[in-house]
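Just so it is clear, the model here is predicted, and its values are computed rather than measured. Proteins come first, then strands; the chains are lettered A, B, ... in the order of their sequence lines, and each starts at number 1.
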Number of protein chains: 2
Amino acid sequence: MSAKPIKLTTDRKSVLDILKSSDSPKGAYDILDELKKVKSNAVPMTVYRALDYLTEHGLVHKVENLNAYILCNHPEHHHICQIIICEACNKATESCDKELASLVQKKAEDAGFKISKAILEITATCEECLANDKGNAAL
Amino acid sequence: MSAKPIKLTTDRKSVLDILKSSDSPKGAYDILDELKKVKSNAVPMTVYRALDYLTEHGLVHKVENLNAYILCNHPEHHHICQIIICEACNKATESCDKELASLVQKKAEDAGFKISKAILEITATCEECLANDKGNAAL
DNA sequence: TATAAAATTGTTATAACATCACGTTTTTGG
DNA sequence: CCAAAAACGTGATGTTATAACAATTTTATA
Ligand SMILES: [Zn+2]
Ligand SMILES: [Zn+2]
Ligand SMILES: [Zn+2]
Ligand SMILES: [Zn+2]
């Protein structure tokens, strides 16, 4: 009864696994380099086709800021996606704060818009990297 | 006493004027085509250098979603930028809702992040285009 | 004003990201 | 089994952005 039966072919599974193995966004050509290890005849189209399918089905997000891709951490209930990337360690964290999503939705509606897609991308420094910075500064 | 004395050279002024002339985001190479009308020896670097300067100084925003650039409509007080683009007419509207910006800031802080930049990009249909659609559907 | 440092521009090449087009193979449903 | 749809192979091409280094212009100040 699921609205979207997801068919993971070998290529799609490989690309998904590559993204699963990292918490930093990966570019399509980085993914390609890794994919070649298990599929020597892979070319850009191979990766882009898999990424298209995976993003359309909500398993992967594109980080527009970086032209890079990350695994979605909650592929079930999808509203408005929020991604925060640490510019020091490159780790990406996805959240799906309902309050924030609702407010975005409300503001857009109030302005007369019908949303089809929304992204919030935050570039920041994470707690750990902030601590490291302070440690280094104190030397 | 201004913190950022903005120096608009001829190239920067030209690019700014090109962006001023439209309420739709323009790609760098579209800008280049227009720039060539007033500076025949312009090349991609010419445009990208101007865009870099203008974005760094808050006069222009990049719409990451589209790899395109728009004029900032409030270059003075800059917090978190919110852009909504109509996918029917391509018009981009920038808002700077304080409530939304504060909430984003708060959520990031609560999660231990120090924000350096944030973008909210909404793809939607504007009021006018929604009305047109309904009109056409009724035919 | 002389002049050295800093900022900007000129110019060529190339890197990085993404899609088109078309033919073949595989999967799927009847 | 067969036809239609989906996925994949393959090569070329399109689009966006930066690297690298030389030349020129601007700026500050000695
Ligand atoms: Zn997600
Ligand atoms: Zn970090
Ligand atoms: Zn702005
Ligand atoms: Zn519209």
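Each of Lys7(B) and Tyr29(B) lies near DNA chain D, and the nucleotide nearest Tyr29(B) is the one positioned closer to the 5' end. Mapped onto DNA chain C by nearest heavy atom, Val43(B) and Asp30(A) fall at different nucleotides, with Val43(B) at the one closer to the 5' end.
In this structure, Thr9(A) reaches the dC8(D) phosphate: one of its side-chain N or O atoms is under 4.0 Å from OP1 or OP2. One finds a side-chain N or O of Tyr69(A) lying less than 4.0 angstrom from the OP1 or OP2 phosphate oxygen of dA18(C). Checking the phosphate oxygens (OP1, OP2) of dA18(C), a side-chain nitrogen or oxygen of Asn67(A) falls inside 4.0 Å. OP1 or OP2 of dA17(D) lies within a sub-4.0 Å distance of a side-chain N or O belonging to Tyr48(B). Taking side-chain N and O atoms only, Lys39(A) has no distance below 4.0 Å to OP1 or OP2 of dC8(D).
In this structure, the OH atom of Tyr53(B) is 6 Å from the P atom of dT8(C), given to the nearest Å. The distance between atom CG of Leu35(A) and atom C1' of dG9(D), rounded to the nearest whole Å, is 14 Å. Summarising the geometry, the separation between CG on Asp11(A) and C1' on dA7(D) is reported as 9 Å, rounded to the nearest angstrom.
Between the side chains of Gln82(A) and Ser95(A), a donor-acceptor pair is found at a separation under 3.5 Å.
Closest approach of Ala124(A) and Ile115(B) over heavy atoms only: CB-CA, 3.8 Å.
For Glu87(B), the CD atom sits in a packed shell: over 12 heavy atoms of surrounding residues, nucleotides or ligands are nearer than 6.0 Å.
Looking at the side chain of Arg49(A), the nearest of the listed nucleotides dT10(D), dA17(D), dA18(C) is dT10(D).
Here Glu127(B) does not pair with Lys114(A) in a salt bridge; the nearest charged N to carboxylate O distance is not below 4.0 Å.
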